[in-house]
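These numbers come from a predicted model, not from an experiment.
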Amino acid sequence: PLRYISKLRALVKHEAEKNKSQWKTMGPAKVAVPSPNDFLQKHSKEPKLAPRKIEQDGYKSLPLSVPQRTYRPVIQIKKNFIKKNAVAVITGEPKKPRPFCVDTRQGDKYLLEPSGLVPKYIKKKNYGVTPKYVTRRNEEMKREEEEREARALEELKKKAMKCLSEEERTNILKALKKNWEELNRAFQGLPVLTDTRYKKLHKEELELKLKQLEHDIDAIEKHKDVYIAN
C-alpha cells in the first residue's frame with residue numbers, strides 16, 4: 001500500500017516558515033553606523049533650566065491686590081518695656097530658695113529633692129493602694145481555691161458512707177433480734193452432753209453467732225446515726 005501523507009502537510013509547512021524571522025541568531029547583515037558629527041558633548045546630559053527672563057530697567061512688577069473692606073491696618077503702639085519689667089518685678093512673688101543638703105564639713109551640698117530624702121512618694125494618691133494586677137491575681141487564686149474545694153467536697157460526697165434512716169435502722173434491729181431469738185432457741189435445744197466433736201463445734205458456732213448478734217444489737221441501739229460504707 002502507498003505511504004500515508006497528511007492533507008495538512010503543506011499548511012503546517014507554511015505556518016512553520018511564516019513564524020521564522022530573518023537573521024534571528026546572527027543579527028541583521030548591515031548596521032547603520034553613527035555619524036561622526038553626533039559625538040557625545042560635555043554637559044549634554046545635564047538638565048537645562050528655563051531661560052531667564054530679562055527685566056526691563058530692573059523693575060519687577062508686583063501682583064496687584066486690593067485690600068478688603070474689613071481690612072484694618074495694624075497700628076504699632078510704643079511700649080515702655082523698662083517700666084513694664086519694673087512693675088512685674090515689684091508685683092511678682094519672690095523666688096523661693098531651692099533646698100540643699102550639706103553632708104561634709106567643707107560645705108559640699110547637693111539638691112535635696114532628687115536625693116530621695118524628701119518624702120514626696122508617700123503623698124501620692126495611690127500610695128499604699130494595692131495594684132490592680134495583684135487584686136485580680138488574688139481574686140483568681142481565691143476562685144481557683146473555691147473550685148478546688150468544691151471538687152474535693154463533691155468527690156468526698158461520692159465516696160461518703162450512707163446514713164441509715166430511722167425506718168431502716170428499726171427494720172435492721174428487728175431482723176437482728178429475730179435472728180438472735182432463732183439462734184437462742186436452737187442453742188437452748190442443744191443436748192446437755194456434748195460427747196462428740198461435731199456437737200462441740202456446733203455449740204461453739206452458735207455461741208459465736210449469738211455474741212456477734214448481741215454486739216450488733218447493742219451497737220445499733222446505742223447509736224442513733226449509723227453509717228454504711230459503700
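Leu201 and Leu206 sit in two unconnected hydrophobic clusters of ILVMFWY residues. Membership requires side-chain heavy atoms under 4.5 Å apart, directly or through other members.
Smallest separation of non-hydrogen atoms from Tyr127 and Tyr121: CD1-O, 3.4 Å. Smallest separation of non-hydrogen atoms from Arg169 and Glu166: NH1-OE2, 3.2 Å. Summarising the geometry of Asn184 relative to Leu210, their closest heavy-atom pair is N-CD2, 3.7 Å, with the distance given to 0.1 Å.
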Sequence neighbours left out, cut at 3.5 Å: what donor-acceptor pairs do the side chains of residues 88-102 make with other protein atoms?
from	atom 1	to	atom 2	distance (Å)
Thr91	OG1	Val87	O	2.7

Per-pair distances, 0.1 Å, donor-acceptor, side chain in residues 213-220, under 3.5 Å, sequence neighbours excluded:
from	atom 1	to	atom 2	distance (Å)
Glu214	OE2	Trp180	NE1	3.2
Asp216	OD1	Gln212	NE2	3.2

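Qualifying side-chain contact (heavy atoms from CB on, under 4.5 Å) partners for Glu181, counting only residues two or more places apart in sequence or in other chains: none. For Leu208, the side-chain contact (heavy atoms from CB on, under 4.5 Å) criterion is met by no residue, not counting sequence neighbours. Taking Lys178 as the reference, nothing meets the salt bridge (charged side-chain N to carboxylate O under 4.0 Å, His left out) condition, with sequence neighbours excluded. Under the rule for a side-chain contact (heavy atoms from CB on, under 4.5 Å), the partners of Glu147 that lie at least two apart in sequence or sit in another chain are Arg143, Arg151.
Residue Leu190 holds its CG atom at 5.0 Å from NE2 of His202, rounded to the nearest 0.5 Å. Taking CG of Asn126 as the start and NZ of Lys132 as the end, the distance is 10.5 Å to the nearest 0.5 Å. Rounded to the nearest 0.5 angstrom, Leu11 CG and His14 NE2 are separated by 7.5 Å. Atoms NZ and OH, from Lys7 and Tyr4 in turn, are 8.0 Å apart once rounded to the nearest 0.5 Å. Distance CD/Glu168 to CG/Leu173: 13.5 Å, rounded to 0.5 Å.
Glu140 CD: more than 12 foreign heavy atoms inside a 6.0 Å radius. Atom CD1 of Ile82 has 12 or fewer heavy atoms from other residues, nucleotides or ligands within 6.0 Å. At most 12 heavy atoms of other shown residues, nucleotides or ligands fall within 6.0 angstrom of atom OH in Tyr133.
Inter-residue side-chain proximity for Lys177 and Glu221 is flagged as met; some heavy-atom pair is nearer than 4.5 Å. In this structure the side chain of Arg185 never reaches within 4.5 angstrom of the side chain of Gln188, judged on heavy atoms.
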Exercise for the section: Please test Glu139 against Arg136 for salt bridge (Lys or Arg N to Asp or Glu O under 4.0 Å), starting from the C-alpha separation and ending with a verdict. Expected result: CA-CA 5 Å; Glu139 291 177 356; Arg136 184 168 59 253; over 6 Å; no

Practice task
Any chance you could lay out the side chain to side chain contact (heavy atoms under 4.5 Å, CB included) test for Glu167 and Thr170, step after step, and finish with the verdict?
Solution key: CA-CA 5 Å; Glu167 184 178 358; Thr170 306; 5.8 Å; no

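Without hydrogens or angle criteria, Ser44 side chain to Leu40 main chain gives no donor-acceptor distance under 3.5 Å. Side chain of Asp108 to main chain of Thr104: no donor-acceptor pair is present (N/O by atom type, distance under 3.5 Å, no hydrogens or angles).
For the side chain to side chain contact (heavy atoms under 4.5 Å, CB included) criterion with Lys203, the lone passing option out of Glu207, Lys200, Glu205 is Glu207.
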